[in-house]
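Labels below follow one simple rule: chain letters A, B, ... track the order of the sequence lines, proteins then strands, and each chain is numbered from 1. In what follows, every heavy atom counts, from backbone to side chain, and hydrogens, waters and symmetry copies are set aside.
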Amino acid sequence: MALVYELVWRLLHVLLHVHRTLATSVRALLRTWRGPAWRRALAALLTPAALAGFPGPGPGTGRRKLPPGEDEGERDRSRRRVRAEKLPLHVGLLVVEEPPSYTDVANLVVWCMAVGVSYVSVYDNHGVFRKNDTLLLEQIVRQQDRLGLDEPKYNVGFLSNGNTVHQDQIVPCQPVVKILSPEDGKHSIVQAALHLCRTVEQKERTSKDIDVPMFDALLRESKNIPDPELVVKFGPVDSTLGFLPWHIRLTEIVSLPSHIDVSYEDLLGALQRYATCEQRQGK
Amino acid sequence: MSWIREGELNLIERLSANILKAGPVPKHVAFIMDGNRRFARKKHVDRQEGHSQGFNKLAETLRWCLQLDIPEVTVYAFSIENFNRSREEVDGLMELAKLKFLRLLDEREKLEKHGVCIRVLGDLTLLPLDLQQLIAKAVVATREHNRCFLNVCFAYTSRHEMANAVREMAWGVEQGLIKASDVSEALLSECLYSSNSPNPDLLIRTSGEVRLSDFLLWQTSHSCLVFQSVLWPEYSFWNLCDAVIQYQCNHASITKARELHQDEQRRQQLEADHACVAELLHHHGNGKPADAPRRQEAVTEYGVRREARVKDFLDALRNKRDSFLTELASQATVA
């Protein structure tokens, strides 16, 4: 009997896998070729809603990528649409798929900044973006030039290097990009705890002095960014994989199937989904 | 309503459970049981009735978990932030908790029969004293049971828990049990309220909200997160199966990510030991740099001593926590 159960289980998971792959390829097909409405409806049907661990974005999924520099009217409309609603101050881009695509992440970063997000952080659990940060930065600058944004060059800061790069250039209203790795997560909490315990060891402090606001201030000091209000997760893994555990207390987590060939409208969908969330703060 | 719901699955449910059990099943599932008040509004019943129905659903879900071979469940019952709700609702929730823990004490035999160990995670001192005593009594009464585990997060937030863990480590330093340099990721995990449990494999939040709301932030950093739109009092066996299937789809990639993280943790610990030994040699050595084999030996030796210190500290911490509960529980008997 156990054998039968196992066979059925395997069959079930093979079917789920096929469904997932099928849905992904249909989405990719539609992205390159904007078909009539019935095709989009078909894509919606095939999207594995029940399988997506995280809720997908609202309207606007799976449509054609907006070519940079074209269709300005449409983009302006979209920008207005987001601006009118609630916009997060800090967006985290969490990439949980391999291989990472620098161009697509750079696009996402530039789009975020273009709609008015002040802080964008990029994370993957292998620390790949952190290791190759110059590559990502080059891409971001390139995408900005391609989009021809008239805004000033964006500041790019790194965490865990002590302080941010280009510190002297920071202008209050300028957006900041942070490239994060697992080191900025639990590791930085442990470092803060280690620091506190050293001060206790040297009798500069007692254990009673330690509480949430004090620890939070200490972590913020070394980070210098507000908590992300929205994390957009790209990829098939339904987990945050170590993304800033202290800081995602109230973060809304929205999932998109992949960051490869992601479109501006996909990102807008995630932002709109965030705008509709209601935070009750325990009440 | 009782904590233990006896009952069997029907044929189709039993078949599905058996099929699911052919794959990897989570050892520990955490629930954010959201939607009791929305359920009450939808059904036009009292808010308090919504909370009661939510509790009944918990008893039913625990039974399903056992039938799916999930031995440990953690639930978010009351957040520290919830103290901000209206006086009336907070009082109502405290009253409900009192009733349920009294009920639990009545059902001691049934809990023993099923081997259910109940733990309460959170800052008990924030609660009214009579509730604190009841909770302590319930925890002490079931703490020897070891077949299945229910952790109830009450007066809990994850940030509070993490800050408390840091405070406990600082206490250990003050007491001279550990050195500040012994602080590590593994030690911090051991100082959390949840130190007796493995990290949850699966976290389920109902009612369509897509955030963690300060729940087990540290412990779920590599867990499968499933957000479901059903309201908690309407949660069904099939919703649970759906979540387990999602866990199974994620199992391979999450296991890989966890292993990667553990390797990194080991590397960091070794690095820390090396740094400590280097510092010791610098202070006590005769000025000459030690050769590689001697240094390696010193690092291993240092690691052994560090582990011994940490063990003593954790024993002391456990004793401190146990005697706090035992004392509270004995007050309850006197009262």
Proximal component of Leu260(B), with respect to chain A [non-hydrogen, under 4.5 Å]:
side chain
Trp171(B) vs Phe313(B) aromatic rings, parallel, tilted or perpendicular, using cut-offs 30° and 60°?
tilted
Which one of Gln268(B), Gln248(B), Lys179(B), Arg258(B) has the most heavy-atom pairs closer than 4.5 Å to chain A?
Gln248(B)
What part of Glu264(B) gets within 4.5 angstrom of chain A, counting heavy atoms only: side chain, backbone, both, or neither?
neither
With a 4.5 angstrom heavy-atom cut-off, could you sort out which part of Asp216(A) is near chain B: side chain, backbone, both or neither?
side chain
cation_pi(Lys178(A), Tyr119(A)) dist<6.0 Å, angle<=45:
no
Side chain, backbone, both or neither of Asn239(B) within contact of chain A (heavy atoms, under 4.5 Å)
neither
Only pairs of heavy atoms separated by less than 4.5 Å count here; which of Met214(A), Glu201(A), His17(A) has the most with chain B?
Glu201(A)
For Leu15(B), is it the side chain, the backbone, both or neither that has a heavy atom under 4.5 Å from a heavy atom of chain A?
both
Highest number of heavy-atom pairs under 4.5 Å with chain A: which of Lys21(B), Glu185(B), Gln265(B), Met169(B)?
Glu185(B)
Let me know if Leu7(A) has heavy atoms under 4.5 Å from chain B in its side chain, its backbone, both or neither.
neither
Glu161(B) and side chain to side chain donor-acceptor pair (under 3.5 Å): which single residue from Tyr156(B), Trp218(B), Tyr193(B) fits?
Tyr156(B)
Cationic N near anionic O, under 4.0 Å, Asp184(A) to Arg130(A)
yes
Residues Arg273(A), Glu252(A): salt bridge by 4.0 Å N-O rule
no
Would Asp263(B) and Arg266(B) pass as an ion pair if we require N to O under 4.0 Å?
yes
Should we count CD of Gln202(A) as having more than 12 external heavy atoms under 6.0 Å?
yes
Does the plane of the ring in Tyr76(B) sit parallel, tilted or perpendicular to the ring in Phe215(B)? Use 30° and 60° as the thresholds.
parallel
Pairs of heavy atoms under 4.5 Å with chain B: top-ranked of Val96(A), Leu194(A), Asp209(A):
Leu194(A)
Do you see a donor-acceptor pair shorter than 3.5 Å between the side chains of Ser194(B) and Gln219(B)?
yes
Most contact-rich option vs chain A, by heavy-atom pairs under 4.5 angstrom, among Ala252(B), Ser158(B), Ser181(B), is Ser181(B)
His261(B) portion near chain A, given a 4.5 angstrom heavy-atom threshold
side chain
Trp9(A) and His13(A) aromatic ring geometry - parallel, tilted or perpendicular at 30°/60° bounds
tilted
Select one option (side chain, backbone, both, neither) describing which atoms of Glu97(A) are under 4.5 Å from chain B's heavy atoms.
neither
Counting heavy-atom pairs under 4.5 Å with chain A, which one of Asn84(B), Thr157(B), Asn164(B), Leu188(B) comes out on top?
Asn84(B)
Stepwise, does the side-chain hydrogen bond (donor to acceptor under 3.5 Å, both in side chains) test hold for Asp227(A) with His90(A)?
CA-CA 7 Å; Asp227(A) 292 343; His90(A) 179 183; over 6 Å; no
Side chain, backbone, both or neither: which part of Ser184(B) has a non-hydrogen atom closer than 4.5 Å to chain A?
backbone
Honestly, the part of Thr206(A) sitting under 4.5 Å from a heavy atom of chain B is both
Salt-bridge criterion met for Glu209(B) and Arg205(B) (N-O under 4.0 Å)
no
Ile19(B), part contacting chain A, at a heavy-atom distance under 4.5 Å:
both
Can you tell me which of Asn82(B), Asp182(B), Ile178(B) forms the most heavy-atom pairs within a distance under 4.5 Å of chain A?
Asn82(B)
Using a strict threshold of under 4.0 Å (side-chain N to carboxylate O), is an ion pair present between Glu81(B) and Arg249(A)?
yes
Of the listed residues (His160(B), His222(B), Glu174(B)), which shares the most heavy-atom pairs with chain A below a 4.5 Å separation?
Glu174(B)
At a heavy-atom separation under 4.5 Å, does Leu196(A) approach chain B through its side chain, its backbone, both, or neither?
side chain
Is it the backbone or the side chain of Arg37(B) that comes under 4.5 Å from a heavy atom of chain A, or both, or neither?
side chain
